[in-house]
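Reading through the structure tokens given below for one structure.
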There are 2 protein chains.
Amino acid sequence: MGKRIVPDIVVARLPLYLQTLKQLQREGEYTTSSNGLGKRIDISAAQIRKDLSHFGEFGKQGTGYAISYLIEQLEEILNVNQVWDMALVGVGFLGHAIANFRGFNSHGFQVKLIFDNNPTVIGSNIAGFIVQDSNKMEEIIQEHNVKVAMITVDSDHAQEVADRLVKSGVKAILNYAPVTIKVPEGVQIQYIDPIIELQHMTYYLD
Amino acid sequence: MGKRIVPDIVVARLPLYLQTLKQLQREGEYTTSSNGLGKRIDISAAQIRKDLSHFGEFGKQGTGYAISYLIEQLEEILNVNQVWDMALVGVGFLGHAIANFRGFNSHGFQVKLIFDNNPTVIGSNIAGFIVQDSNKMEEIIQEHNVKVAMITVDSDHAQEVADRLVKSGVKAILNYAPVTIKVPEGVQIQYIDPIIELQHMTYYLD
DNA sequence: GTATATAAGTTAAATTTATCACAAAAAAAT
DNA sequence: ATTTTTTTGTGATAAATTTAACTTATATAC
């Protein structure tokens with residue numbers, strides 16, 4: 001039946017389900033239920049079942065879900081039954097931390113290219129990668145057919161970098177710069193911004 | 001009329017409005033409109049007006065919003081017309097990056113305490129702070145009356161650290177560990193997890 | 001001075017999202 | 001072997017959220 005249109009808010013919850021299933025698996029569990037899974041992450045059992053029902057039938061009445069099977073299925077749905085090469089643009093403290101993060105690999109991603117425009121860091125080795133000149137970004141990204149990128153440059157340069165990434169064929173951008181970026185239709189963008197999250201919380205504090 | 005109950009989804013958008021208004025201000029603008037603001041961040045003008053209407057009347061027909069005034073008001077609503085001291089627990093690469101991040105200060109936050117359990121880093125100086133022994137976390141956090149904390153320890157220790165933070169009086173936790181954490185009623189929690197965001201995007205890629 | 005354009009705040013409508021409740025199926029208990 | 005319990009997937013219902021439309025006010029153009 002192909003990929004029907006699924007609400008984005010549903011898609012956004014799938015990675016959390018996947019993460020939690022993997023954790024259950026690490027804890028030695030083999031099966032779980034919409035109820036058991038939901039308790040873990042404070043999501044109702046009905047919602048989990050409804051969400052999954054957009055993609056097929058993965059459970060069994062009376063027993064629930066076979067964890068390894070549901071993981072497989074979710075990985076396929078989310079297209080992480082493969083490893084996406086990523087480009088990282090900007091190697092300040094944050095870029096450094098991301099380059100050295102060992103958590104991507106087992107979840108469908110790996111850093112492949114690192115860029116910066118600062119001559120003092122270009123050519124240096126970070127987490128096993130030679131930092132490349134961001135002037136050659138378009139060329140190198142195209143050559144390596146990289147489709148996913150992370151931006152950790154400062155706010156003033158984030159839009160320009162994003163534009164160049166898009167030109168190079170990048171289709172998904174994770175932006176750490178605290179600024180909204182415009183991308184064309186068909187290019188995905190997500191934001192990571194601690195200040196946004198902190199201010200969201202302080203609303204509820206006195 | 002006090003603080004009526006405002007949908008959390010509305011509250012979640014306010015920090016983005018604030019961020020964008022500050023940016024407009026840096027660009028030299030003095031006024032904006034729901035339309036102008038919305039265009040920047042791909043949110044409809046009606047939604048911005050509706051969101052703001054939960055908190056009062058901040059604009060003027062015909063002209064729109066005075067940026068500096070709206071910034072002031074949003075800062076008050078979000079309780080960032082003050083500076084919140086923060087504790088940072090865990091000083092790996094990521095903790096390092098956060099400790100050195102210069103962006104918190106102008107948005108209502110500052111790192112005040114840094115903790116780790118690794119004897120080789122305890123006592124060392126990071127971004128001007130002496131890393132403290134996490135065994136003394138409760139005591140020191142209470143003493144400094146810190147209400148906001150960031151967790152950058154590994155997944156296996158995140159819940160335990162969160163529990164101890166809560167015991168110490170922390171009321172808002174920003175968790176960077178890729179695991180869901182349980183906190184009691186009245187304690188705020190938010191997550192930052194690049195893998196979740198990346199997988200959300202790869203759903204839409206082929 | 002009058003007409004036109006801009007734009008907030010709000011009420012109503014439309015849409016989206018989440019919950020509920022139940023039939024069907026499997027497993028466990030008696 | 002039958003009853004009870006667990007649990008899925010789903011259609012119906014309820015709730016939440018967004019959009020649209022409208023009234024009022026201000027500013028600008030003529």
Side-chain angles (χ1 to χ4, degrees), chain A residues 1 3-18 20-21 24 29-74 77 200 203-204, chain B residues 1 3-18 20-21 24 29-74 77 200 203-204:
Chain A
M1 65 192 84
K3 198 180 257 183
R4 290 158 299 169
I5 39 122
V6 176
D8 182 65
I9 198 159
V10 172
V11 175
R13 279 189 292 263
L14 300 184
L16 183 60
Y17 299 163
L18 178 54
T20 310
L21 288 163
L24 283 164
E29 302 290 328
Y30 289 95
T31 62
T32 188
S33 63
S34 58
N35 205 272
L37 183 55
K39 287 262 173 63
R40 281 262 174 160
I41 52 183
D42 275 311
I43 290 182
S44 78
Q47 174 137 86
I48 291 173
R49 292 201 302 277
K50 200 68 191 290
D51 285 352
L52 294 177
S53 78
H54 284 98
F55 304 97
E57 305 189 1
F58 308 111
K60 203 165 142 190
Q61 281 129 323
T63 41
Y65 301 95
I67 290 174
S68 65
Y69 177 68
L70 189 49
I71 286 175
E72 250 174 52
Q73 294 297 305
L74 284 172
I77 291 165
H200 181 180
Y203 171 82
Y204 296 100
Chain B
M1 63 191 85
K3 198 181 259 185
R4 289 159 301 168
I5 38 123
V6 176
D8 182 65
I9 198 161
V10 172
V11 175
R13 279 190 292 263
L14 300 183
L16 182 60
Y17 298 163
L18 178 55
T20 310
L21 288 162
L24 283 164
E29 301 291 327
Y30 289 95
T31 62
T32 188
S33 63
S34 57
N35 205 272
L37 183 56
K39 286 264 173 64
R40 281 263 175 161
I41 52 183
D42 274 310
I43 290 182
S44 79
Q47 174 141 86
I48 290 173
R49 292 201 302 276
K50 196 78 197 286
D51 285 354
L52 294 177
S53 78
H54 285 97
F55 304 97
E57 306 189 359
F58 309 110
K60 202 165 141 192
Q61 281 129 322
T63 39
Y65 301 96
I67 289 174
S68 64
Y69 177 70
L70 189 50
I71 287 175
E72 250 174 51
Q73 294 296 306
L74 284 172
I77 291 165
H200 181 180
Y203 171 81
Y204 297 100

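Lettering of chains follows the sequences in order, A, B, ..., and the numbering in each one begins at 1. The shown structure was predicted, so the numbers you read here are calculated from the model rather than taken from an experiment.
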Check the interface with nucleotides 2-7 of chain C: list each N/O to N/O pair with the protein under 3.5 Å, or write none.
unit_1	atom_1	unit_2	atom_2	d
C/dA7	O4'	B/G62	N	3.4

Under 3.5 Å between N/O atoms: give me all the protein pairs with nucleotides 12-15 of chain D, atom names plus distance.
unit_1	atom_1	unit_2	atom_2	d
D/dA12	N6	A/K50	NZ	3.4

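Atom OH in B/Y17 sits about 15 Å away from atom C1' in C/dA8, given to the nearest Å. If you take CG of B/L70 and C1' of C/dG9, they are 14 Å apart, rounded to a whole angstrom. Atom CD1 of A/I9 is separated from atom C1' of D/dT18 by 12 Å (rounded to the nearest Å). At whole-Å resolution of the value, CD in B/Q73 and C1' in C/dA8 are 15 Å apart. We find that CD1 of B/I43 is positioned 15 Å from P of D/dT17, with the value rounded to whole Å. Between A/E57 atom CD and D/dG11 atom P there is a gap of 11 Å when expressed in whole angstrom units. When rounded to the nearest whole Å, the span between NE2 of B/H54 and P of C/dG9 equals 13 Å. Nucleotide D/dT10 holds its C1' atom 14 Å from the CG atom of A/D51, rounded to whole Å.
Of the inter-residue distances, the one linking A/Y203 atom OH with B/L14 atom CG reads 7.5 Å to the nearest 0.5 angstrom. A distance of 4.0 Å separates CG in B/D51 from CZ in B/R13, rounded to the nearest 0.5 Å. Rounded to the nearest 0.5 Å, atoms NE2 (B/H54) and CG (B/L52) are 10.0 Å apart.
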* B/Y65/B/R49 under side-chain contact (heavy atoms from CB on, under 4.5 Å): CA gap, chis, key distance, verdict -> CA-CA 11 Å; B/Y65 301 96; B/R49 292 201 302 276; 3.8 Å; yes
* **Verdict with reasoning, A/F58 to A/L70, per side-chain contact (heavy atoms from CB on, under 4.5 Å)** => CA-CA 6 Å; A/F58 308 111; A/L70 189 49; 3.8 Å; yes
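Comparing D/dT19, C/dT19, D/dG9 against the side chain of A/Q47 picks out C/dT19 as the nearest.
Using a 3.5 Å distance cut-off with no hydrogens or angles, the side chains of A/D8 and B/Y204 do pair a donor with an acceptor.
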Return a table of donor-acceptor pairs under 3.5 angstrom between the side chains of residues 37-46 of chain A and protein atoms on other chains or two or more places apart.
unit_1	atom_1	unit_2	atom_2	d
A/K39	NZ	A/N35	OD1	3.1
A/R40	NH1	A/E27	OE2	3.1
A/R40	NH2	A/E27	OE1	2.4
A/R40	NH2	A/E27	OE2	3.4
A/S44	OG	A/Q47	N	3.1

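In this structure, the side chains of A/F55 and A/V10 come closer than 4.5 Å at one or more pairs of heavy atoms.
An OP1 or OP2 oxygen of C/dA18 is reached within less than 4.0 angstrom by a side-chain nitrogen or oxygen of A/R13. Close to C/dG9, at under 4.0 Å from its OP1 or OP2, lies no side-chain N or O of B/S53.
Of all heavy-atom pairs spanning B/P15 and A/H200, the tightest one is CG-N, 3.8 Å.
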